[in-house]
Amino acid sequence: MEFASQLGGSVTDGLAYLGSLASLGGRAAYYTFVGPFQGKPLRLQRAIGQAMDVGVRALPILSLITFFIGLILALQAAYELRRFGAINFVSTAVAISMTRELGPLITAIVVIGRSGSAFAAEIGTMKVTEEIDALETMAISPVHFLVTPKFLAMIIMLPCLTIWANTMGILGGSLFGVTQADFTFVRYIRSSIDSLFLRDIVTGLIKSVMFGVTITAVGCLEGLSTGTGAEQVGRSTTRAVVISIFLVVVVDLVFTLLFFFVSET
Amino acid sequence: MPEETPDLLDPDATSEAMISLRDLRVNYGEREILHGISFDVQRGETLVILGGSGSGKSTLLRTLVGLEKPTSGEIWIKGRNIATLSESELDEIRKKMGMSFQGGALFGSMTVGENVALPLREHTKLEDSTIQIMLRLKLEQVGLEGFEYYMPAQLSGGMKKRAAVARALAMDPEILFFDEPSAGLDPIIAAGIDQLIVELKQAFRMTIIVVTHELASAYLIADRMVLIDKGNIVAMGTPAEMRANTQPRVRQFFDRVAEPEVSRELDYLQMLTEAPRQRSGSAERRS
């Protein structure tokens, strides 16, 4: 009985949390897409600054990680494929797994570690030092001022980063293809491109936009609900990372299911 | 009657109160922090809200600027009850109010100049050159001319407070709120901030509300004082009236009579709720 009531409590807490996320994400989306037409201009300069942080500065580490992931995928696939003499399909395996799944997912996880945590820490610190209260007393909406530029930067930069990650993954695979599987570089790339349908890339990019929304909403919500004291900022940051990773996987599952059943009909 | 001309020109400038509280009650969860506060503040008056830790004075201030929603009661500011206003209507009133926070609450990622200019950039369509002029003017008023390119972290405690006052003054507010203006400052710097408040009071016809527990600065700046204890008004009056007040609780506060800090757990809990608490995030409630 007690277990049931605890379970019920956790479920309602979880739903309430999702509700707050949706409300925050909805307001950020309102200020991004509707606000500019109602005299609430976008803060483009802040958004560009955020885009630099979220996107451009993530390129080196993301490139390295996805290159290695591509290489690992090629090795793992070749392990099985060579038993059937089908090692030529390595390029296909790498290209499809990267664009459909691993490209968006690895990108999201790198961005959570770099930016989702930073959002929570930045906004959490501002909460502790009463800067969020100060914004409100100046009649400036913290969501408009702080969350919207991050939201805009995320939904633009995450798909861009994902495309980059896909490319780097395929390049990583080509290292194996060229050295171990009798591909020339050009033939490997051509074979990768031939194996992809536009749908593979587009579904990956749609997912990455949703990941961007999720990461921003969780990072900013955790920041805004920071309690008093410096240790609470650390707690918010940790929670932002853990919850973001979990929710990104959930969103991934939901959209993969959706694409699976839509493509069936 | 030439001296009354400004009143005739300004429709808001009637003799009625700038701020009126009617039976204001504020809860944090189950716990009632303010138990029915009522008072009026006249236009141009400086009211000092006094009280010890846990008295509810900071909660009262946060409620007055709309950071906390009252459970019941009315808060009339400039003829509108802000307890019933929507967020956007409240924002219109907030543009006429300035608030100086305890720690300054300057945005660490912006220079002093950007901090002070922020409300102007957000709420007015002024040219950048005009904003620069107003920015210099505001910094001069608080004695910080030439510091617009400094980052808040490079300023001393007193300078941070001055910069925060300059930001609060940016929109030429009719009401100015101060939360513990002398907290964390040495007596000389604190006296400088008190002096600044007195100067502002003389230079502009601003209504000023100051929350503090510093008696010396309260006597210096107040037209009227209100002493709050455990969420109730204990006494209210001019500094002279408060000096003459014989109520035990008033005397205890004004004569600085010691008492055991915390006697019961419930009192302590009450005191804790006085500090800014974790709420679900007042920012989230905005739309």
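Chain identifiers are assigned alphabetically (A, B, ...) following the order of the sequence lines, protein sequences preceding nucleic acid strands; residue numbering begins at 1 within each chain.
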Name each donor-acceptor pair under 3.5 Å that joins a side chain in residues 206-216 of chain A to protein atoms two or more places apart or in another chain, with its distance.
from, atom 1, to, atom 2, distance (Å)
A:K207, NZ, A:R100, O, 3.0
A:K207, NZ, A:E101, OE1, 3.0
A:K207, NZ, A:D252, OD1, 2.8
A:K207, NZ, A:T256, OG1, 3.4
A:S208, OG, A:L205, O, 2.8
A:T214, OG1, A:M210, O, 2.7
A:T216, OG1, A:G212, O, 2.6

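No more than 12 heavy atoms of other residues, nucleotides or ligands sit less than 6.0 Å from atom CD of A:Q45. Under a cut-off of 6.0 angstrom, the local environment of CZ in B:F204 is crowded, with over 12 non-hydrogen atoms contributed by other residues, nucleotides or ligands. Residue A:E231 places its CD atom among more than 12 non-hydrogen atoms of other residues, nucleotides or ligands, all under 6.0 Å distant. Within 6.0 Å of CZ on A:F33 lie more than 12 heavy atoms contributed by other residues, nucleotides or ligands.
Annotation: maximal heavy-atom pairing with chain A below 4.5 Å, among B:K95, B:R167, B:M171, occurs at B:R167. Most heavy-atom pairs under 4.5 Å with chain B, from the set A:H144, A:E122, A:R43: that is A:R43.
Contact check for B:L106 versus A:E131: no side-chain heavy atoms found under the 4.5 Å cut-off. The side-chain heavy atoms of A:T129 and B:F107, taken from C-beta on, include no pair separated by under 4.5 Å.
Residue B:L90 does not touch chain A at all, counting heavy-atom pairs closer than 4.5 Å. Neither the backbone nor the side chain of A:Y30 comes within contact range of chain B; no heavy atoms are under 4.5 Å apart. Only the side chain of A:M126 comes within less than 4.5 Å of a heavy atom of chain B; its backbone N, CA, C and O stay farther away. Heavy atoms of B:E92 lying under 4.5 Å from chain A are absent altogether.
The distance from atom CG of A:D133 to atom CE of B:M99, rounded to the nearest 0.5 Å, is 7.5 Å. Atom-to-atom distance recorded for B:L67:CG and A:T137:OG1 is 6.0 Å, nearest 0.5 angstrom.
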- [ ] Tell me, with the steps shown, if A:E136 and B:R94 meet side chain to side chain contact (heavy atoms under 4.5 Å, CB included).
- [x] CA-CA 8 Å; A:E136 290 204 54; B:R94 277 172 165 163; 4.2 Å; yes
